[in-house]
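Chain A is the first sequence line, chain B the second, and so forth, proteins listed ahead of strands; every chain is numbered from 1. When reading the values below, keep in mind they use all heavy atoms of this one structure, side chains included, and skip hydrogens, waters and symmetry mates.
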Amino acid sequence: MSTPVDFLLWVRGPGFDIALVVFIIGILIRLLEVLILGRKPDYAEPRGGELGAGLRTLLTRTLPEPGTFKRSPFTVVGGYIWHIGFFISLFLFVPHIELIDATIGLSWPGIASNLVDAVAAVTLVTLVAMLFSRLTHPVKRLLSGPEDYLSWLVTFLPVMTGYLAYHRMIDPYPLVLGLHILSVEILMVVFPFTKLMHAFTFIIARWYNGAMAGRRGVQS
Amino acid sequence: MAETGKGMGKTLAQSLRESGVSRRGFLKFCTATASMMALPPSMAPAIAQALGKAKRPSVIWLSFQECTGCTESLTRSHSPTVENLIFDYISLDYHHTLQVAAGEGAEAAREAAMRENKGQYIVVVDGSIPLGNPGYSAIAGISNLQMLEETVAGAAAVVAVGTCAAFGGLPHAKPNPTGAVSVSEIVKDKPVVNVSGCPPIPTVITGVLAHFLTFGSLPELDALGRPMAFFGKSIHDRCYRRPFYDKGLYAETFDDEGARKGWCLYRLGCKGPMAYNACATAKWNRGTSWPVESGHGCLGCSEPDFWDAGGFYNALSIPDSDITRQAVYVAGAGVALGAVAGAVNRSKQARAREEHEPVTIDDLDKRP
Ligand code: HEM
Ligand code: SF4
Ligand code: SF4
């Protein structure tokens, strides 16, 4: 018998296993294939420390650069809003914390579910606005390829289906919860092989930029 | 309709009067039934009239791979309320646990009821049917499958009572050693109503029978064949602890402050969000309480495969897999593959360096 419950059990069982394996292996491959390349040894005498400068750049590059902000305020503000909203929905919602606790044994306090709900709504609206801007702004449109739209979609779907599940907008519930988890699994599978990898690589890239500048004694 | 058994030919109203049930008590039951079936209260007199005139239909109750919990639930139903009497005043012509006759006499009663009420009797089933080996469960030498097919052939409708009959239930749980299936996997040409629950709420069982008596038809069903009136909303939708869920206030153990304050039981494994049943409104034990009210999460017992849906004390959002125990191997595989990819990239880099030919001004000048 194939019922919505069967579907939910599949996405929560084998489906989740497959997605997690692809996700972990994918990320390790993508990180190691870059890190193992290494750098040529630098024989010049260092003029400053790498560690402090690297960490500082990690932070400073996270803040918007005034010039960029003036040129495209919408992209900058929208980008912040949905990233923060996404993280709040993902990491401060109690059912998610339960999941993380069960998977890796770490847990922290969550926030009220109806607060998460409001944040999720803002995130959804912002993501739609970002897509609209990408489609209508001539330059952004020119720069966008299939991978950009795919990344948007697999990011949008978990938030949307989570919202639908919370409000029980699709009946029966096991179906909508199953769709939510499936959408996350699609995200996990696509993640390592697209620009979404930036969620991990940005740390290396920013740290490296800062560290190199620090070594040469210049500002990054 | 049925003319077998005691009290033949009497209408329900007559029978009830003789048992000392007042007209007022009867109307109260009709109003309650109307509201349970999500009908407007103005329907109550119509129900009373229809029920008053109804004659007792013949009911054949078949018990297959079951634990008798469903019968226990039914017989403990708020006795001696009107629901119970309604049950008494159907003509229960065959039921292992409740009938007096035994052995061949019992089987003869079943056959007689089938013959005399051909096309009109109701078959109630509890328990699942083993397809693996007929010997796993047989009655009077007849396999469950054969008895079901034989009995259902002349029935008006079939009511699958309990999650085992409705969806396979416990016998169907992994690894399903007997090859257990639900009634609806076998009965395809008769209307089947699933009254799921482990066990189902007694008033829901009697409610479905009352609906049949009242309207002569079966109630509206959901996608899983369950009466919408009782299974149309989830436990979570009707749960009085829901405001705590929305506020993010959860009990984390069964005796912490949250538990004492009656907060939501999601973190303690409550499956209320995925369970469709009437517990929160119909309640149990004469309307005394229900599982969530008594401080324990819902097990989701009215849903298919609830035995296999992860631990009863795991939150609903937790994936049901033991992948985390394999995480070390997965990470190992990732590191190994990453090392290979890194080596490939290094050799590519080395080759590129070797094959690299510097371009001079002269080379560029040669180009057109
Ligand atoms: C990228 C990852 C994820 C994102 C962005 C995400 C997002 C969301 C959002 C926005 C909500 C609705 C919150 C609200 O409106 O209050 C939600 C609900 C939910 N999510 Fe996720 N989610 C993710 C991963 C997961 C995973 C992996 C699971 C489980 C395996 C899960 C299980 C749930 C559950 C059980 C709910 C509650 C639905 C309800 O209240 O009925 N989520 N999620
Ligand atoms: S106790 Fe269970 S059914 Fe009630 S609100 Fe919490 S999760 Fe939902
Ligand atoms: S509360 Fe849930 S598990 Fe308990 S009887 Fe009702 S549906 Fe079944």
Hey, which of [options] has the most heavy atom pairs under 4.5 Å with chain A?
options	answer
Gly310(B), Gly248(B), Gly338(B)	Gly338(B)
Ser317(B), Gly300(B), Ala315(B)	Ser317(B)
Ala339(B), Pro273(B), Ser234(B), Ala309(B)	Pro273(B)
Pro319(B), Gly342(B), Ala275(B)	Pro319(B)
Val340(B), Asp222(B), Asn345(B)	Asn345(B)

Relative to chain A, which segment of Tyr250(B) carries a heavy atom at a distance below 4.5 Å: side chain, backbone, both, or neither?
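Looking at Tyr250(B), just its side chain touches chain A.
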
Can you tell me if [X] has over 12 outside heavy atoms packed within less than 6.0 Å of its [atom1]?
X	atom1	value
Arg56(A)	CZ	no
Arg216(A)	CZ	no
Phe87(A)	CZ	no
Lys195(A)	NZ	yes
Lys233(B)	NZ	no
Arg39(A)	CZ	no

What part of [X] gets within 4.5 angstrom of chain B, counting heavy atoms only: side chain, backbone, both, or neither?
X	result
Ile97(A)	side chain
Ile181(A)	neither
Leu9(A)	side chain
Leu31(A)	neither
Arg168(A)	side chain

Give, for atom [atom1] of [X] and atom [atom2] of [Y], the distance between the pair rounded to the nearest 0.5 Å.
X	Y	atom1	atom2	answer
Asp308(B)	Asp6(A)	CG	CG	9.5 Å
Ile29(A)	Leu337(B)	CD1	CG	4.5 Å
Leu268(B)	Glu98(A)	CG	CD	8.5 Å
Met274(B)	Leu175(A)	CE	CG	12.0 Å
Thr3(A)	Glu303(B)	OG1	CD	8.5 Å

Heavy atoms only: give me the nearest Ala331(B)-Leu28(A) pair and the separation to one decimal.
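Smallest heavy-atom distance, with atoms named: O-CD1, 3.4 Å.
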
Decide yes or no on side-chain contact (heavy atoms from CB on, under 4.5 Å) for Leu20(A) and Val330(B), but give the supporting numbers first.
CA-CA 9 Å; Leu20(A) 199 65; Val330(B) 175; over 6 Å; no

Would you find a donor on one side and an acceptor on the other, under 3.5 Å apart, between the side chain of Arg346(B) and the backbone of Ile36(A)?
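Yes, because the side chain of Arg346(B) sits within donor-acceptor range (under 3.5 Å) of the backbone of Ile36(A).
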
Say whether, by atom type as modelled, one donor and one acceptor occur between the side chain of Arg12(A) and the main chain of Leu316(B) under 3.5 angstrom.
yes

Side chains of Ser113(A) and Tyr266(B): does their closest heavy-atom pair fall under 4.5 Å?
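Of all side-chain heavy-atom pairs linking Tyr266(B) with Ser113(A), none is under 4.5 Å.
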
Can you find a pair of side-chain heavy atoms, one from Tyr245(B) and one from Asn114(A), that are under 4.5 Å apart?
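Of all side-chain heavy-atom pairs linking Asn114(A) with Tyr245(B), none is under 4.5 Å.
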
Applying side chain to side chain donor-acceptor pair (under 3.5 Å) to Asp246(B) and Tyr166(A), what does each step give before you reach the verdict?
CA-CA 9 Å; Asp246(B) 291 335; Tyr166(A) 183 78; 3.0 Å; yes

Could you please spell out the steps behind the side-chain contact (heavy atoms from CB on, under 4.5 Å) verdict for Asp237(B) and Tyr173(A)?
CA-CA 11 Å; Asp237(B) 284 328; Tyr173(A) 181 77; over 6 Å; no

